[in-house]
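Just so it is clear, the values below take in all heavy atoms, side chains as well, and ignore hydrogens, waters and symmetry mates.
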Amino acid sequence: QVQLVESGGGLVQAGDSLRLSCAASGRTFRGYSMGWFRQAPGKEREFVATISWTGGTTNYVESVKGGFTIARNNAKNTVYLQMNSLKPEDTALYYCAAGLRGTNRYPDYNYWGQGTQVTVSS
């Protein structure tokens, strides 16, 4: 049974920081890229960031560049999303995902977590 479990979400004020974690279990994700996506109520799921297996390649949606950082610890099977200077428009359910292709397209990811809610108040 493959599991991706996100944690670290919460209610914060604008300008605050949060660090999301995603723990993987049930299979090896060796060679897999990991991604973070988010979905706000009434909106499409949106790509946020992705990181390659080695961690050497990262990509971000333009709106979070300079504020969010994706990282991974393969020894712990965990990927992180450090979110600084949060804004109300960052409010969404945040999902982590695993896929062999580290793209910004959610169909390219095979495994998904259940999501963790991030709410940023103004």
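- Once rounded to the nearest 0.5 Å, the distance linking OG of Ser63 with NZ of Lys87 reads 7.5 Å.
- In terms of modelled atom types and a separation under 3.5 Å, the side chain of Thr50 and the main chain of Met34 share a donor-acceptor contact.
- Side-chain atoms of Gln114 do not come within 3.5 Å of backbone N or O of Val5 as any donor-acceptor pair.
- Side-chain contact between Met83 and Leu20 is present, with at least one heavy-atom pair separated by less than 4.5 Å.
- Inter-residue side-chain proximity for Tyr106 and Tyr95 is flagged as unmet; no heavy-atom pair is nearer than 4.5 Å.
- Rounding to the nearest 0.5 angstrom, the gap separating the CZ atom in Arg30 from the CG atom in Asn77 is 11.0 Å.
- With a 4.5 Å cut-off on side-chain heavy atoms, Thr116 and Ser7 do not count as touching.
- For the atom pair Asn84 CG and Thr69 OG1, the distance stands at 6.5 Å (nearest 0.5 Å).
- Distance check, rounded to the nearest 0.5 Å: CD1 of Ile51 to CG of Asn74 gives 8.5 Å.
- The environment of Gln82 atom CD is dense: over 12 non-hydrogen atoms of other residues, nucleotides or ligands sit within 6.0 angstrom.
- In this structure a side-chain-to-backbone donor-acceptor pair under 3.5 Å is present from Glu6 to Gly115.
- The shortest distance between side-chain heavy atoms of Val64 and Arg38 falls below 4.5 Å.
- A heavy-atom distance below 4.5 Å is found between the side chains of Phe29 and Leu4.
- The minimum heavy-atom distance linking Ala40 with Ala92 is given by the pair N-CB, 3.9 Å.
- Using modelled atom types, one side-chain atom of Ser52 and one backbone atom of Thr57 make a donor-acceptor pair closer than 3.5 Å.
- Here the straight-line distance linking atom OG1 of Thr119 with atom CG of Leu93 works out to 9.5 Å at 0.5 Å rounding.
- Smallest separation of non-hydrogen atoms from Ala49 and Leu81: CB-CD1, 4.3 Å.
- In this structure, the side chains of Val61 and Phe68 stay at 4.5 Å or more apart for every pair of heavy atoms.
- The two residues Tyr60 and Ile70 make their nearest non-hydrogen contact at OH-N, 2.9 Å.
- Pairing each heavy atom of Ser33 with each of Arg72, the nearest pair is CA-NH1, 3.9 Å.
- The two atoms that bring Ala14 and Ser122 nearest to each other are CB-CA, 4.4 Å, heavy atoms only.
- The shortest side-chain heavy-atom distance between Tyr32 and Leu100 falls under the 4.5 Å cut-off.
- For Gln117, the CD atom counts as densely surrounded, since its 6.0 Å shell holds more than 12 non-hydrogen atoms of other residues, nucleotides or ligands.
- For the pair Thr91 and Val120, the tightest heavy-atom approach, listed with the atom from each and the gap, is OG1-N, 2.9 Å.
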Verdict with reasoning, Asn104 to Phe37, per side chain to side chain contact (heavy atoms under 4.5 Å, CB included): CA-CA 9 Å; Asn104 61 357; Phe37 288 76; 5.9 Å; no
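- Side-chain heavy atoms closer than 4.5 Å link hydrophobic residues (I, L, V, M, F, W, Y) into clusters, and following such links, even through other members, never connects Trp53 to Tyr80.
- Remark: Tyr111 OH is packed, more than 12 non-hydrogen atoms of other residues, nucleotides or ligands lying under 6.0 Å away.
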